[in-house]
Amino acid sequence: MLIAILSDIHSNLEAFEAVLHSLKREKPDYVVCLGDVIGYGANPNECIDLVRQHCHLVLQGNHDAALFDEQLRFYFTMHARTALEWTLNQLTPQRLEYMRALQVSARQHDLLFVHSAPTAPERWEYIVDEYDAMKHFSAFHERICFVGHSHVPGIYSQDGREHVVVPHCRYIINVGSVGQPRDGDVRASYGMYNAKTHVYYCRRVEYNVETAARKIIEAGLPSSLGYRLYNGM
Ligand code: ZN
């Protein structure tokens, strides 16, 4: 079984469409979205519709949750909060209801899917290095936990050495971000996992950054949210 794992689309329609186009070639049996469908970008409604259409499992991220939780917005940067409040005015009641109903974690066989971290996913903690990852291995029993949230792709193994997904070792894998990569690579990021061979690889896909950035600026969203896409930061 071939599983595609996408995260942090953040209303970037151009990046999301490029990833969906790339998935046509990969032909996954199952598509998971780890959340943060909205926030930052200019096409929240379109991205929600595409997620519903193409993903078999969709989780809630912290930006999605902040649509319904004002307290959560206090932890956001000023621009993130501005984008969130802009998004709230764009979404139709029906799409808002869909976002509200999303769960924060899901288990499938020996895989765990969460947006942030396996320990209390609704606390929205970040895993950015091996040290962070080590703290979370005791919080789940599955072999692999797939995460997003930091927008930086990475593979963290429990033995601290392996960097190729092999059977018998446990991992926390960050699939990176579709709509706002932050590792200096402007291309959209997503993960592909083959549950039969246990091989994981991170895919990067070029998309029309100019259009995505221009739409953000034309929508009246903070212009830095557009410009950062050019740097992949
Ligand atoms: Zn995010």
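Both counts, for ligands and for their atoms, begin at 1 and track the order of listing.
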Inset, instruction - Could I get the full list of side chain to side chain donor-acceptor pair (under 3.5 Å) partners for R95, not counting sequence neighbours? - result: N45, D49, T92
Legend entry - Test side chain to side chain donor-acceptor pair (under 3.5 Å) applied to S224 - qualifying residues, sequence neighbours left out: H79
Legend entry - Within 45° cone of Y98 ring axis and under 6.0 Å: R52 NZ or CZ: yes
Inset, instruction - Please report the number of protein N, O or S atoms that lie less than 2.8 Å from the Zn ion (ligand 1). - result: 4
Inset, instruction - Provide the full list of side chain to side chain donor-acceptor pair (under 3.5 Å) pairs with a residue in residues 116-126, sequence neighbours left out, each pair given once. - result: T119-H136, R123-E125
Legend entry - Derivation of the side chain to side chain donor-acceptor pair (under 3.5 Å) call for D8 and H10: CA-CA 5 Å; D8 297 275; H10 283 300; 3.3 Å; yes
Inset, instruction - Identify the heavy atoms of V186 and G232 that sit nearest to each other, and give their distance. - result: CG1-N, 3.7 Å
